[in-house]
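Accompanying notes for the structure given below.
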Amino acid sequence: DVKVTQSSRYLVKRTGEKVFLECVQDMDHENMFWYRQDPGLGLRLIYFSYDVKMKEKGDIPEGYSVSREKKERFSLILESASTNQTSMYLCASSDGRGGGETQYFGPGTRLLVL
Amino acid sequence: GESVGLHLPTLSVQEGDNSIINCAYSNSASDYFIWYKQESGKGPQFIIDIRSNMDKRQGQRVTVLLNKTVKHLSLQIAATQPGDSAVYFCAEKSAGGSYIPTFGRGTSLIVHP
């Protein structure tokens, strides 16, 4: 079974803090994704990566950056957290090879920025 | 269209009934479709998928139906149980397109014991 894990289930941070959200997948997947999920807005793609050290902006990259130094790990960074970044953050991965498009999600990190 | 959260479409059923959750898509080039289940406070879980060369696929207690003519997808859950209560949403992906699927907003299924 695919396993995607996220470093924290709940986080509380203060405005202006630097925040790191970590995601690890154990299935040697090529692609990894960060989404945020908010009531009324559904899933919105922040960034994705299709290979180590590669990254692409999604629909709402402003205020975020990412890092993918190893294939299994994809980090989301909030350089200076703001209250409008309070949200549920979901990491996902997909194989990307041979038609493996299915995205598998982690349990989510609920971030509260005060 | 659908909306999520406070304005999420809701389907209420009694335990033991069959449930049908619907999803409309707009891209006629979409060739791969996925249903996810998301329980409260958790990440979405893959349930079942279907490719556009099929019109029906069955899993354990779930069936997905695809009608490409009207661009409609449905998820049928047989003998619905309280543990099936969750938000269900579909995702579509275009052939030869990017790695990124397009997600629907979701339907909240409430199963009454």
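Computation of the quantities below employed the complete heavy-atom set of this structure, encompassing side-chain atoms and omitting hydrogens, waters and symmetry-equivalent molecules. Sequence lines set the chain letters: A, B, ... in the order given, protein chains first and strands last, and positions in each chain run from 1.
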Shared ILVMFWY cluster between [X] and [Y], side chains joined below 4.5 angstrom?
X: A:Tyr89; Y: A:Phe33; value: no
X: A:Ile46; Y: A:Phe74; value: yes
X: B:Ile34; Y: B:Leu65; value: no
X: A:Phe48; Y: A:Val24; value: no
X: B:Tyr25; Y: B:Leu75; value: yes

*How are the rings of A:Phe105 and B:Phe103 set to each other: parallel, tilted or perpendicular (split at 30° and 60°)?*
perpendicular

_With a sphere of 6.0 Å drawn around NZ of A:Lys57, does it hold more than 12 non-hydrogen atoms of other residues, nucleotides or ligands?_
no

*Separation of A:Tyr50 OH from B:Ile100 CD1 (nearest 0.5 Å)*: 11.5 Å

*Hey, could you give me the CG/CZ distance between A:Leu43 and B:Arg105, rounded to the nearest 0.5 Å?*
10.0 Å

*Residues from residues 35-44 of chain B approaching chain A under 4.5 Å (heavy atoms)*: B:Tyr36, B:Gln38, B:Gly41, B:Lys42, B:Gly43, B:Pro44

